[in-house]
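Take a look at the structure set out below.
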Amino acid sequence: MEFTSFMDQALEEARAAAARGEVPVGAVLVGPDGAIVARAGNRTRELSDPSAHAEMLVIREACAATGSERLPDHDLYVTLEPCPMCAAVIGAARLRRLYYGASDPKSGGVAQGPRVFAHPQCHHVPEVYDGIAGAASEALLKEFFAARR
C-alpha cells in the first residue's frame, strides 16, 4: 500500500485559519477508503469556544456524519502536535493513526507535556507519526505570531 499524505490539505486549512485571525492550525480526517471525511482550521475566536480546535472540529463532524462516537480506521493529519484535550479526544474516538507536523513544546500533549497516550488511563493509542511537513507547519506558526508582536 502506498502512503499518501494529506498534510498539504491540513496546511491549507491552517492558512485559512490564519486569514481569519485564528492560530494557524489545520486538520484533515481521512476515512478508511482514503477519502477526506472532514477538514477544518481552528475556530476558537470565531465560535467563542475554547474547544474549537481543528482536531476537535473534524472529529465532531465525522462522528456526526457516521452516527458514531468512534472512528476506527480513520487517520488524522494536523499541522501542530495536539494539545492534551485534543489528544484525549483522539484516543476516545479510537482513531487509527495521527500524523502531525510541528512539535509544540509549550502546549503539546503527545510527545511533550503530559504525553496523554503514555498514561494507563488512555484506553486507545493511535499510531503516531510526527514531523510530517513539520518545517512548513512551524514556519506558518512563526510568521503568524511574529506579525502580532
Side-chain angles (χ1 to χ4, degrees), residues 3-31 34-71 74-119 122 124-149:
F3 172 72
T4 301
S5 175
F6 290 84
M7 196 58 80
D8 285 343
Q9 292 86 342
L11 281 163
E12 287 175 15
E13 293 297 326
R15 288 184 196 100
R20 294 189 303 272
E22 301 277 358
V23 174
V25 177
V28 173
L29 193 65
V30 178
I36 293 175
V37 175
R39 55 190 301 155
N42 277 359
R43 293 189 178 276
T44 58
R45 291 177 179 216
E46 176 185 342
L47 300 175
S48 301
D49 179 356
S51 71
H53 291 193
E55 304 95 304
M56 299 287 278
L57 295 172
V58 296
I59 291 170
R60 287 176 187 156
E61 183 179 335
C63 286
T66 62
S68 175
E69 77 281 10
R70 295 191 177 163
L71 301 166
H74 285 68
D75 299 336
L76 177 65
Y77 291 80
V78 61
T79 58
L80 182 65
E81 176 183 354
C83 71
M85 171 186 69
C86 291
V89 171
I90 289 165
R94 308 296 198 266
L95 296 184
R96 175 176 56 185
R97 293 185 192 105
L98 165 64
Y99 300 91
Y100 69 86
S103 293
D104 189 353
K106 180 182 173 198
S107 301
V110 176
Q112 315 284 328
R115 301 172 193 231
V116 170
F117 300 134
H119 286 261
C122 183
H124 173 79
V125 178
E127 293 175 35
V128 178
Y129 301 91
D130 64 351
I132 310 295
S137 299
E138 186 175 326
L140 185 60
L141 287 157
K142 284 183 176 179
E143 290 168 15
F144 177 81
F145 287 111
R148 279 159 175 64
R149 292 188 179 123

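Computed over heavy atoms, backbone and side chain alike; hydrogens, waters and symmetry mates excluded. Sequential numbering from 1 along the given sequence is applied to the chain's residues. The shown structure was predicted, so the numbers you read here are calculated from the model rather than taken from an experiment.
Of the possible donor and acceptor atoms, none in the side chain of H53 sits under 3.5 Å from a partner among the backbone N and O of C86. In this structure, H124 contributes its side chain and F117 its backbone to no donor-acceptor pair below 3.5 Å. When atom types are taken as modelled, the side chain of E81 and the backbone of V110 share a donor-acceptor pair closer than 3.5 angstrom. Using a distance-only test at 3.5 Å, with no hydrogens or angles considered, no donor-acceptor pair links the side chain of S103 to the main chain of P105. No donor-acceptor pair under 3.5 Å is formed between the side chain of S137 and the backbone N or O of G101. Panel note: side chain E13, backbone V28; no donor-acceptor pair is recorded below 3.5 Å. The main-chain N or O of V23 is found under 3.5 Å from a side-chain atom of N42 such that the two form a donor-acceptor pair. The closest donor-acceptor contact from the side chain of E55 to the backbone of V78 lies at 3.5 Å or more, if one exists at all. For T79 (side chain) and A10 (main-chain N/O), no donor-acceptor pair under 3.5 Å exists by modelled atom type.
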inquiry  = The test is side-chain hydrogen bond (donor to acceptor under 3.5 Å, both in side chains); show your working for S51 and R60 and say whether it passes.
reply    = CA-CA 11 Å; S51 71; R60 287 176 187 156; 2.7 Å; yes
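Here R20 pairs with E46 in a salt bridge; the nearest charged N to carboxylate O distance falls below 4.0 Å. Ion pairing of E12 with R15 is absent here, as no side-chain N (NZ or NE/NH1/NH2) approaches a carboxylate O to less than 4.0 Å.
R94 and S68 share no side-chain donor-acceptor pair at under 3.5 Å.
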